[in-house]
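Read the structure below first, then the notes.
Predicted, not measured: the structure shown is a model, and the values here were computed from it. Protein chains get the first letters and strands the later ones, always in sequence-line order, with residue 1 at the start of each.
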There are 2 protein chains.
Amino acid sequence: MARSNTRPTSRDVAHAAGVSQAAVSLVLGDKWRGRVSETTAERVREAARELGYRPNLAARNLRLGHTRTVLLVVPALTTEFFAGVYTGAARIAARHGFGVVLYPSPEGIGPARNPFASAQAALDGVIASSMAADALTAIRGDQLPLVMLDSDPAGSLGAATVNLDITDGIRQVTDHLLGLGHRRILHLAADVPSWTFDIRARELAARMATVPGTEIRTARAPISIDGARTATETALTAPGPRPTAIVCDDDKLAAGAYKALRRLGLRIPDDISVTGLDDLALATAIDPELTTVRLDAETFGERGMQALLAVLDGREPEGGDIPVHLVVRGSTAPPRTAG
Amino acid sequence: MARSNTRPTSRDVAHAAGVSQAAVSLVLGDKWRGRVSETTAERVREAARELGYRPNLAARNLRLGHTRTVLLVVPALTTEFFAGVYTGAARIAARHGFGVVLYPSPEGIGPARNPFASAQAALDGVIASSMAADALTAIRGDQLPLVMLDSDPAGSLGAATVNLDITDGIRQVTDHLLGLGHRRILHLAADVPSWTFDIRARELAARMATVPGTEIRTARAPISIDGARTATETALTAPGPRPTAIVCDDDKLAAGAYKALRRLGLRIPDDISVTGLDDLALATAIDPELTTVRLDAETFGERGMQALLAVLDGREPEGGDIPVHLVVRGSTAPPRTAG
DNA sequence: AGAGGGACGTTATACGTAACACTTCGGGCC
DNA sequence: GGCCCGAAGTGTTACGTATAACGTCCCTCT
């Protein structure tokens, strides 16, 4: 009989089944083949069930020296994108007997102060998604195996990186708009210091430069619908010829642009085209549906976890960016003035 | 000098500082006042910094018998609502030295198979949000202290519950529509077995019954924009007089209703009014902006964590539902035929 | 002078588990 | 008969930490 108040231990189970604690560990750890008879094993399992035994994770982790738990650090969970990343990562993890603990950084995309103070769980590794470089060094302080998602490979201090091919996504967007005849483009950029947004601006500029007579104007906005609305209104009421298309750093910003355009009495896509990036549920909820770049969040999470498992195994994580593709919907059309 | 490969332990720090392991524990645990001299304490801290010492959480948890970590089980993170719940819970937790580990149930709202297989962290308690009753019993199997969020107080097997006053929210919605003159209402209901949706239907019916000549039609849809669109189209093309308003179980369903109405050529709110529930970012992204019930997710999370801390302390968690309030926007107006 | 007591530590132990090394026993084989 | 071998277990230890219990000094008070 176990002590009344506290949770039963493997020793309690052993006592109840009339065997040693070692035998319990063997049986419950499924390492008993050829070491314990089937009848004894069954007796142990029965006793464990009877007592409602659940192993003490802290003790196991201490003994084993690892926890089979990894931390996934994400920016604040304000879009379902990171839910997808988690789902993918958790799926692969589960397949290898790993658990995933989620830490949504309160600071959002950018610096994450101390992921570990919050998630006090003992960890085997970390996947950090869309974090700024200074946050990276803070995390790097702990020598935990680390994989960076959506991060500058050059600036990641040797940590493995896995990336979506955002550059190619922006190339597809730009080519789509250029192909429709657009030449003056407003870039509605996220006002957040992050590599992932830098490469959007870089590729947009690079691609536009291949066609003569093009012009990019840039407006910066915090990643919120109202912030984007305000920034767009300001940019579009500025003097000079009006852009014929708005390229937004993500779908949320695009939703803000929609609001601004409604207020200004401009119609999409007749007066102006809009593109996003992410393909959230939001993209098909607004009218007209948004032309955007579909990011496969789950694959992203899967690849991230595979990379971390490789690092933990001492293997080389496989490289290569994850392809993305443009989804053309109703928010883009040739410019009216084009001819 | 510590062993080269493995992480430094408190004993390594002790050796480096020329003191005993106990002294290290005392100093780093901030329990050294009057037991260790300031100079020695500083020497210990210096050595710890030098070696990059971080305590082994597994060992600490084992020794202490608790982890100061709680699990927050939420349905799949497809809206930012649960991000708010987490934020609130984590804020209160941090204030008490607790960490929060997030487990998004892959099954969504409804049954959660095994939260603990995934989050392998050792836990002191659990907060389960919007879970079905059978999931509850599964969780209850472990005798961990438990708080249920958004759950039937009667069916929670004695676990503490914290609820938003959804009933009052629906009352406000219904009274708003009745006040505008609406009498025929379509209830776009989430096709998910959950107490939180049951009480919506119940209160809507109860409130409508107080006014003679009213009629409720019900359409069921999975919680997705396209599911809601399909269900709404089907319901509105059915024979009989058309409803003048649609009450949706949440904002996402309302976004689906918007799409259906656009397809059917019906204008909001001129031809038909629509209401939601949640007040997500989505609610102000769609056109016209959605009349909905604002739920304060962060307060919800805070109250849930406070309740769990009370349970852990052996205190009685304080009761009382969290108030919600209607936000009237452009999607509701008097019915055209009224008057 | 002897007792008392702070200041400054140390020694020893337990938490619950997993795994290594060892024992016992019965049988098979030459 | 002697030997080895596999089956079926058991005894013991270590993981790293926090803390209770225990020692010294040395200073002060009576």
(message) Counting only side-chain nitrogens and oxygens, does Thr40(B) get under 4.0 Å of the OP1 or OP2 atom of dG9(C)?
(response) yes
(request) Rounded off to whole Å, could you give me the CG-to-P distance for the Leu57(A) and dT17(C) pair? (result) 10 Å
(request) Answer with base, sugar-phosphate or nothing: what part of the nucleic acid does Ser37(B) contact at a heavy-atom distance below 4.0 Å? (result) sugar-phosphate
(request) Could you state the atom-to-atom distance from CG of Asn61(B) to C1' of dA14(C) in whole Å? (result) 16 Å
(request) Send over the distance from Asp12(A) CG to dG16(C) P, rounded to a whole Å. (result) 9 Å
(message) From CZ of Arg7(B) over to C1' of dT17(D), roughly how many Å is that when rounded to an integer?
(response) 13 Å
(message) Output the rounded distance in Å from CG (Asn56(B)) to P (dG16(C)).
(response) 17 Å
(request) Using heavy atoms to find the nearest nucleotide of DNA chain C for Val19(B) and Ala59(B) separately, return the residue whose nucleotide is more 5′. (result) Val19(B)
(request) Please determine, by modelled atom types, if Thr67(B) and Asp124(B) share a side-chain donor-acceptor pair under 3.5 angstrom. (result) yes
(request) Write down the distance between CG (Leu62(B)) and C1' (dT19(D)), rounded to a whole number of angstrom. (result) 14 Å
(request) Would you mind telling me which of dA19(C), dT17(D), dG16(C) lies closest to the side-chain atoms of Ala22(A)? (result) dA19(C)
(request) Could you tell me whether the phosphate oxygens of dT17(C), OP1 or OP2, come under 4.0 Å of any side-chain nitrogen or oxygen in Ser10(A)? (result) yes
(message) If you assign each of Arg11(A) and Ala23(B) to its closest nucleotide in DNA chain D, which residue comes earlier from the 5' end?
(response) Arg11(A)
(message) Return whichever of Glu38(A) or Gln21(B) has its heavy-atom-nearest nucleotide of DNA chain D closer to the 5' end.
(response) Glu38(A)
(message) Checking contacts here: which listed nucleotide (dT12(D), dG16(C), dT19(D)) is nearest the side-chain heavy atoms of Lys31(B)?
(response) dT19(D)
(request) Mind checking the CZ-CD spacing from Arg303(A) to Glu318(A)? Nearest 0.5 Å is all I need. (result) 5.0 Å
(message) What I'd like to find out is whether the side chain of Tyr53(B) reaches to under 4.5 Å of the side chain of Leu28(B), using heavy atoms alone.
(response) yes
(request) Before accepting this row, confirm whether a basic side-chain N of the pair Arg49(B)/Glu42(B) lies closer than 4.0 Å to the acidic partner's carboxylate O. (result) yes
(request) Go through dG16(D), dG11(D), dT17(D) for me and flag the one nearest to the Pro55(B) side chain. (result) dT17(D)
(request) Please work out if Ser20(B) contacts a base, only the sugar-phosphate, or nothing of the nucleic acid, heavy-atom cut-off 4.0 Å. (result) base
(message) Under 3.5 Å, is there any donor-acceptor pair linking the side chain of Arg35(B) to the base of dG9(C)?
(response) yes
(request) Could you state the atom-to-atom distance from CZ of Arg60(A) to C1' of dG16(D) in whole Å? (result) 18 Å
(request) May I ask you to check whether Thr39(B) and Ser37(B) show a side-chain donor-acceptor distance below 3.5 Å? (result) yes
(request) Identify whether any heavy atom of Leu64(A) sits under 4.0 Å from a base atom; if not, whether one sits that close to sugar-phosphate; answer base, sugar-phosphate or nothing. (result) sugar-phosphate
(request) Find the distance Trp32(A):CH2 to dG9(D):P and express it as a whole number of Å. (result) 11 Å
